[in-house]
Asks: 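I am attaching a structure below and will ask some questions about it afterwards.
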Amino acid sequence: MGNPLAASKPSISAVFRRQKLKRLARNRWLYIMLLPGLLYFITFKYVPMYGVLLAFKNYQPFLGFVDSEWVGMKHFDRFFGDPLFWKLLKNTFVLAAYNILFFFPLPIVLALMLNELRSQTYKKTIQTLVYIPHFMSWVVIVSIAYLFFTTEGGLVNEAIASVGGEKIQFLLSPGWFRTFITGEVMWKETGWGTIIFLAALAGVDTQLYEAAKIDGAGRMRQLWHITLPAIRSTIVILLILRLGNFLDTGFEQIFLMLNPLNREVGEVFDTYVYTTGISQGEYSYSTAVGLFKSVVGLVLVFGSNFLAKRFGEEGIL
Amino acid sequence: MVKETSWTSRLFDIFNIIVLAIIALITIVPFIYVVAGSFATQRELLEKGFILFPTEFSLEAYNYIFSTNTLMRSLGVTIFITVVGTLINITLTCLMAYPLSRRDMDFRSPIQLMVIFTMLFSGGMIPTFLVVKELGMLDTYWSLLLPGAISAFNLIIVRSFFQQLPPDLEESAKIDGASDPGILVRIVIPLSLPVLATFSLFYAVGHWNTYFSSILYINDSTKWPIQVLLRQIVMLSQGGSLGDTSSLESNFIPPDQAVKMAVIVVSTIPILIVYPFLQKHFAKGALLGSVKG
C-alpha cells in the first residue's frame, strides 16, 4: 500500500499481493483463533526472554525495569569469581553423570527383559505396574522416601535399630544425597523409560530371529546380534538428547531433598537461582546465573544435535 | 516357528520372569505399604513396623485429616486448578494448533519457529517471576493457571495430528458454508477426541501434581494446593532442622505416621483413578512426544 512503485504498474507482484490480501481476509478467523496462543507465548515466554537483560542491569523494584541502571558484566564477574560457581558446576555435573551412568541403562535392560517374555498378559501386567510411579508427583515420591528413611520412626532405620544397629541419618547427611537423588529417579522413571525402547523393539523383523534360530543361535546370541543392534540408534539418540539436557538435573526433586545439612553437595544452578532470586530478592544477580545456565544449555542442545547428525541420525531439530 | 526347548532357554525364561516380578514389586510395594499404613492404627504401625495388610483396620487418620480445614481447602484448590487449568490448556492448545495445521495460512512457519524456540531457550525463573508479579498475579490462582497455559511440545503434536486429517472433509464443509471455527468445533475436534483426551489427562496430571509454581507464586497458605501441604505435613513437621513450619496454622496437631500416609494417599488417589483410562493412550502420546516435535 505504501509503495508507489508497485502500485503504479499492474505487475505480477501486485497480483500476488492482492491474492495474499484476499487470503488474509478469507482466513481472518484463523488469525483470531491464533491470537490467545500468540499472546500467551509473547507474555510468558518472550517478555521473560527480553527480561533477561536484567542480568546486565542493577534491578531496583521501585525504579522498574527500564530505569534501573546498566552495570554490564558486573553480575557475571561476581558469579564466576565466586568459589561457589565451581561447587555448583561440580554438583550439577556429578548428578548428571550419576544419572547417565546408573539410570540411563536401566530402561534399556528392563525393555529387553520385557521383550523376552512369551506371555503377553504377564508383560502387560508388569508394564502397568512399572509405569505408575511416573505419574506421581515428586512431592509424593520424596515423601515416601522420607517415611522409609527418616530417623524418626522411618521403616529402614527402625529395622536397623531392631537388629541392634545404629540409625543412619540418610536424609541429612551429604554422603547419601546423590545416592538418594539417583535412586529416586530410578524408582520413578525406569518403567516409563522403557516405552520408547519397547516401540523400537516391536519394529524388529521377526524373520531375523527365525533365521538365527535355524543357524543355531541361542537366546543370548540372538539378543547380542539381532536385538541390540536393532535398537542401537534409539539408544544413541536418547543418550545424545540426554547430553543436550545435561544441566537439567530434576529441579523439583533436588529442591525437595535439599536441607541445610546437604546443601554442600546438593545445591545446583536452578536451586541457587531460586534461593538468591526469590528468597533473597537479588533479581539481577540470579537472572545472570539463570542466563548462564540457559546459554550453556542452548549450546549443549545444538552441540548434541550436531553429534546426532554425525552419527547418521536425522537429528532432533 | 522353530520351537525352543533347550533347558538353558527355559532357565533363561524362568529367571527373567522372576526378576521382572521382583522389579514390579519394588516399584509398587512402597506405595502399597503407604496405603496399608494409612488404614492402620498407630499402635500396630509402631509394633510391626512393616505391614501390607493392617489387622486392625482404622479410619482414624482419614477422619482426622478430613476434619481439618487445611486439607479440605487445599484439596479444593487443587481440584479447582486441575479442572479450570485443563480447560484453559486444551482450549488454547486447540485454538492455536488448528490454524497452524492449515497449509493455506500465511505466517505459519515463522509462528511455528517462534513456538519451537521456546523449547530451546527461556528467560528463566526470575524474569518469568517478575512478569507474573508485574501482572499482579502473585497470590492469585491465575499464577498457577496462565504461565503454563500451553505446552509447546503438546501443541506441536496436536498440530501434527490435525494436519493428517483428510483435507477433503474441511473442503466439503467449506462448500457447505461452514466457517473456520465451525470446522474446528464440528469436524476437527470430534475426529481428534482420543488424542485430545490423552493430552487433557496429561495436562490434568500436571496440574494435580503442581508444586513448584505454587512455591514460587503463592505465599498465602490458604491458597496452597495439596502438594505443598503434603510437603509441609510430611517433610517439615519433624524437628526444626529441616525447615520452617511457622507458616502452618498454630493449632495444627503434629501428625503421626498414619496421618502422613493418609495425606500421601489422598494426594495420589485421583491419579490412580484416571490411570486406567490414561493407559490405553499414553504409550502412543509419549512416543509421539519423544520421537519428534
Side-chain angles (χ1 to χ4, degrees), chain A residues 20 23-24 27 29-30 33-34 36-37 40-41 44-45 47-49 51-52 54 113 116-117 126 128-130 132-133 135-140 143-144 146-148 150 152-153 155 158-159 191 195-196 199 210 213-214 218-219 252 256 259 273-274 277-278 283 286-287 290-291 294 298 301, chain B residues 2 8-9 12 16 19-20 23-24 27-28 30 34 49-50 92 95-96 98-99 102 104-106 114-115 118 120-131 147 149-150 179-181 205 209 211-212 216 227 230-231 234-235 238 242 257 260-261 264 267-268 271 275 279 283 286-287 290:
Chain A
K20 188 168 179 174
R23 201 166 56 230
L24 285 177
N27 286 342
W29 274 110
L30 295 182
M33 283 150 102
L34 263 179
Y40 163 75
F41 278 101
F44 292 105
K45 300 289 172 187
V47 174
M49 282 185 206
V52 144
L54 274 184
M113 290 175 75
E116 291 295 327
L117 284 177
I126 300 281
T128 304
L129 293 177
V130 295
I132 290 177
F135 293 99
M136 296 182 181
S137 70
W138 272 117
V139 187
V140 167
S143 296
I144 294 177
Y146 261 79
L147 284 182
F148 273 73
T150 173
E152 292 161 46
L155 192 63
E158 291 305 314
I195 287 184
I196 188 155
E210 299 290 320
K213 277 178 215 162
I214 291 165
R219 298 281 284 271
E252 260 193 25
L256 287 161
N259 55 54
V273 170
Y274 176 80
I278 307 295
Y283 294 128
S286 52
T287 303
L291 178 60
S294 297
L298 194 65
V301 170
Chain B
V2 183
T8 42
S9 179
F12 178 91
N16 193 18
V19 173
L20 281 171
I23 292 172
T27 317
I28 208 67
V34 171
F50 189 78
L92 290 188
L95 275 181
M96 196 169 183
Y98 180 61
R102 286 273 297 263
D104 59 335
M105 202 193 69
D106 294 279
M114 182 189 140
V115 169
T118 64
L120 301 176
F121 185 81
S122 78
M125 184 194 305
I126 306 297
T128 312
F129 172 82
L130 290 174
V131 167
I150 301 177
S179 63
D180 286 321
V205 169
N209 285 342
Y211 168 74
F212 195 70
L216 263 183
Q227 305 289 341
L230 172 64
R231 175 181 183 238
V234 178
M235 282 172 252
Q238 44 189 337
L242 286 177
Q257 280 311 72
K260 291 177 181 177
M261 291 174 175
I264 295 180
S267 53
T268 319
I271 306 243
Y275 182 70
Q279 207 196 355
L287 267 185
S290 49

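In what follows, every chain begins at residue 1, and chains take the letters A, B, ... in the order their sequences are listed.
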Asks: Under 3.5 Å, is there a donor-acceptor pair between the side chain of B/Asp106 and the main chain of A/Lys20?
Replies: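 The answer is no, because no donor-acceptor pair under 3.5 Å joins these two groups.
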
Asks: Atom CZ in B/Arg231, atom OG in A/Ser143: separation rounded to 0.5 Å?
Replies: 9.5 Å

Asks: Say you draw a straight line from OH of B/Tyr98 to CG of A/Leu30; how long is it, rounded to the nearest 0.5 Å?
Replies: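 Nearest 0.5 Å value for the OH-CG distance: 6.5 Å.
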
Asks: Atom CD of B/Gln227 and atom CH2 of A/Trp138: how far apart are they, to the nearest 0.5 Å?
Replies: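 Separation between the atoms: 13.0 Å.
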
Asks: Could you report the tightest heavy-atom contact between B/Phe212 and A/Glu252, atom names first, then the distance?
Replies: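 Residues B/Phe212 and A/Glu252, closest heavy atoms: N-OE2, 3.2 Å.
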
Asks: Which pair of heavy atoms, one from B/Met96 and one from A/Leu34, lies closest together, and at what distance?
Replies: CG-CD2, 3.6 Å

Asks: I would like to know whether B/Leu130 and A/Leu54 meet side chain to side chain contact (heavy atoms under 4.5 Å, CB included); could you show each step before the answer?
Replies: CA-CA 10 Å; B/Leu130 290 174; A/Leu54 274 184; 3.2 Å; yes

Asks: Under 4.5 Å heavy-atom distance to chain A, tell me which part of B/Phe129 shows up: side chain, backbone, both or neither.
Replies: side chain

Asks: Please find the pair of heavy atoms, one from A/Met33 and one from B/Pro99, that lie closest to each other, and give the distance.
Replies: CB-CG, 3.9 Å

Asks: Could you measure the distance from the CD1 atom of A/Ile144 to the CE atom of B/Met261? Nearest 0.5 Å is fine.
Replies: 9.5 Å

Asks: When rounded to the nearest 0.5 angstrom, what distance separates CE in B/Met125 from OG1 in A/Thr287?
Replies: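 These two atoms lie 10.0 Å from each other.
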
Asks: Looking at every heavy atom in both B/Ser267 and A/Val140, which two are closest together, and how far apart are they?
Replies: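 Taking every non-hydrogen atom into account, OG-CG2, 3.9 Å.
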
Asks: Hey, does the side chain of A/Tyr274 reach the backbone of B/Ile126 with a donor-acceptor pair shorter than 3.5 angstrom?
Replies: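 Looks like no, no N/O pair under 3.5 Å.
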
Asks: Taking every heavy-atom pair that is under 4.5 Å apart, which of A/Leu129, A/Leu24, A/Val273, A/Asn27 has the most such pairs with chain B?
Replies: A/Asn27

Asks: For B/Asn16, is there any backbone N or O sitting under 3.5 Å from a side-chain donor or acceptor partner on A/Glu116?
Replies: no

Asks: Measuring from atom CD1 of B/Ile150 to atom CZ of A/Phe41, what distance do you get when rounded to the nearest 0.5 angstrom?
Replies: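 Between atom CD1 of B/Ile150 and atom CZ of A/Phe41 there are 5.0 Å.
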
Asks: Do you know which of A/Ser137, A/Gly290, A/Ser286 has the most heavy-atom pairs under 4.5 Å to chain B?
Replies: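 When all of A/Ser137, A/Gly290, A/Ser286 are compared, A/Ser137 has the most.
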
Asks: What residue, out of A/Leu291, A/Leu298, A/Leu117, A/Ile278, has the most heavy-atom pairs lying under 4.5 Å from chain B?
Replies: A/Ile278

Asks: Please step through side chain to side chain contact (heavy atoms under 4.5 Å, CB included) for the pair B/Thr128 and A/Lys45, ending with a clear verdict.
Replies: CA-CA 8 Å; B/Thr128 312; A/Lys45 300 289 172 187; over 6 Å; no

Asks: Taking B/Leu230, B/Ile23, B/Leu92, B/Thr268 one by one, which has the highest count of heavy-atom pairs under 4.5 Å against chain A?
Replies: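 If we count pairs closer than 4.5 Å to chain A, B/Leu230 comes out on top.
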
Asks: Do you know which two heavy atoms are closest between A/Val52 and B/Gly123, and how far apart they sit?
Replies: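 Taking every non-hydrogen atom into account, CG2-O, 3.4 Å.
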
Asks: Step by step, work out the side chain to side chain contact (heavy atoms under 4.5 Å, CB included) result for A/Leu147 and B/Gln257.
Replies: CA-CA 8 Å; A/Leu147 284 182; B/Gln257 280 311 72; 3.8 Å; yes

Asks: Taking side chain as everything from C-beta outward and backbone as N, CA, C, O, which of these in A/Tyr40 sits under 4.5 Å from a heavy atom of chain B? Side chain, backbone, both or neither.
Replies: side chain

Asks: Name the option with the most non-hydrogen atom pairs under 4.5 Å to chain B; the candidates are A/Gly37, A/Pro48, A/Ala159, A/Gly191.
Replies: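 Going by pairs under 4.5 Å, I would pick A/Pro48.
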
Asks: Between B/Asp104 and A/Arg23, is there a side-chain N and carboxylate O pair less than 4.0 Å apart?
Replies: no

Asks: Stepwise, does the side chain to side chain contact (heavy atoms under 4.5 Å, CB included) test hold for B/Tyr275 with A/Thr128?
Replies: CA-CA 9 Å; B/Tyr275 182 70; A/Thr128 304; 3.7 Å; yes

Asks: What are the two closest heavy atoms between B/Phe121 and A/Ser294, and how far apart are they?
Replies: CE1-CB, 3.6 Å

Asks: Below 4.5 Å, heavy atoms only, C-beta onward: do B/Asn209 and A/Phe135 meet side chain to side chain?
Replies: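 Not in contact.
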
